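See structure below.
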Amino acid sequence: METGAIPLADVDGEFDLQATVESGQSYLWDRADGGMYDELNVHGGEEWYETVVPPLSGVTDERAVVRVRQTDGLLEWESTTDAVPILTHLLRLDDDLDAILEATPDDPLLERAYAAYPGMRLVRDPPFACLVSFICSAQMRVSRIHGMQLALAREFGDVVEMDGQAYHAFPTPEQLAARTEAELRELKLGYRAPYVQRTAEMVADGEAHPDEALGMAYEDARESLTRFVGVGDKVADCVLLFSLGYLEAVPLDTWIRTAIADYYPDCEQGGYATTSRAIREAFGGDYAGYTQTYVFHYLRAGRE
DNA sequence: TATCCAAGGTAAGTT
DNA sequence: AACTTACCTTGGATA
């Protein structure tokens, strides 16, 4: 096991581990004390969070176990390999958060949302796991989406050991494609079960891969992702924003649609694409996805 | 304790 | 292209 610490003084802008990992963007981390989504802002990120990272091109050649916690000014980590490039990638420590805030429009709601969780960053989840996570997110509560991903890893993923402890990797496309719809329904995926199975099959067979969207113009990339079963415009936007680095993507979920109705009625157009373009401008254009995630977390976790 | 309802939507069928 | 409807499951609200 390797250990280390990233001084947060080296990061451009603030960082809040708990807000980043428990804000409903990533469902691939688990809190070691089992208290995910409880008592937000009580532990402040000091608990250990852990995940198993698949090989990521340009980041890590092999699968790695990563544990991390935030303690005054440091991001402490334990891993099977050097976790600095991995954490920098997954938690977007390379973003200049101050510059992003600077580029955000002056607007009462947006200022309240950004002020509520200073240091919250977007994530860069591994693409396939992100795709599955958000297929599972349809009409689901945040805590249950998380539970589904843990169950998929526990039942169908490889066991990886570090320091005598067993961790469960998220299943590969092949591992999920090999399961039946009934097996996935046993994990309480409900009507999402065939979506996950068929999408995994598409990736395993080489018919399509979420990475293929990379490099495409934003709206073409969104359209491309909707080829997967169970993926409409909203889920496609989530994958673009939380995995593929399209920071202009604004997933139109129930909370954002409510915010549009309450605060930006002029942005309420007919279809998804038109409304999306309008709210993207109101949320700051190139970094609109950052704003979306702050507003989502502020409205949902604040319950008002 | 029983019932009801909505949860980070999508696919398939109509008009 | 816009509008309906069905869809699994369950934690929390309401009676």
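Computed from a predicted model, the values in this text were never measured in an experiment. Throughout, protein chains are lettered first and strands after them, A, B, ... in sequence-line order, and every chain is numbered starting at 1.
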Which whole-number value in Å describes the distance from [X] [atom1] to [N] [atom2]?
X	N	atom1	atom2	value
A:K234	B:dA11	NZ	P	13 Å
A:D253	B:dA6	CG	P	17 Å
A:I145	B:dA6	CD1	C1'	13 Å
A:M148	C:dT9	CE	C1'	7 Å
A:Q197	C:dC8	CD	C1'	17 Å
A:E181	C:dC7	CD	P	13 Å
A:L189	B:dT10	CG	C1'	15 Å
A:Q139	B:dA11	CD	P	13 Å

Electrostatic pair [X]-[Y], nearest N-O below 4.0 angstrom:
X	Y	value
A:E76	A:R67	no
A:D95	A:R92	yes
A:R280	A:E219	yes

- Hey, is the side chain of A:Y195 pairing donor to acceptor with the base of B:dG9 inside 3.5 Å?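 It does not, because no donor-acceptor pair links the side chain of A:Y195 to the base of B:dG9 below 3.5 Å.
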
Can you tell me whether the side chain of A:Y27 and the base of B:dG8 have a donor-acceptor pair closer than 3.5 Å?
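In this structure, the two groups form a donor-acceptor pair.
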
With a non-hydrogen cut-off below 4.0 angstrom, is [X] in contact with a base, only sugar-phosphate, or nothing?
X	result
A:K188	sugar-phosphate
A:R185	sugar-phosphate
A:F228	sugar-phosphate
A:Q25	base
A:G24	base

- Query: Would you say A:Y167 has more than 12 foreign heavy atoms packed within less than 6.0 Å of its OH?
  - Reply: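 Result for OH/A:Y167: enclosed.
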
Of C:dT9, C:dC7, B:dG8, the nucleotide closest to the side chain of A:R144 is C:dT9

Checking B:dA11, C:dT9, B:dG8 against the side chain of A:M140 (C-beta onward), the nearest is C:dT9

Task: Nearest-nucleotide comparison on DNA chain B, the residue closer to the 5′ end among A:R198 and A:T293 - done: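 The residue closer to the strand's 5' end, by nearest nucleotide, is A:T293.
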
Given that A:S137 and A:V229 both sit by DNA chain B, which one's nearest nucleotide is further toward the 5' end?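 Result: A:S137.
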
Quick one, A:F242 with A:F134, criterion ring-ring contact (aromatic ring centres under 6.0 Å, His included). Give me CA distance, side-chain angles, the key distance, then yes/no. CA-CA 10 Å; A:F242 302 133; A:F134 282 95; 5.5 Å; yes

Partner of C:dT14 under the Watson-Crick or G-U wobble criteria, both distances under 3.5 Å, comes out as B:dA2

Partner of B:dG8 under the Watson-Crick or G-U wobble criteria, both distances under 3.5 Å, comes out as none

When you compare [N] with [M], how far apart are their [atom1] atoms, in angstrom units rounded to a whole number?
N	M	atom1	answer
C:dT5	B:dA6	P	16 Å
B:dG8	C:dG12	P	12 Å
C:dC8	B:dG13	P	15 Å
B:dC5	C:dA6	P	15 Å

Exercise. Name the orientation class of the two ring planes belonging to A:Y37 and A:Y27 (parallel below 30°, tilted from 30 to 60°, perpendicular beyond 60°).
Key: tilted

| said: Would you say the base of B:dG8 stacks on A:F134 (centre-to-centre below 5.5 Å, plane angle below 30°)? | reply: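 So no, this residue does not stack on that base, at least one cut-off failing.
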
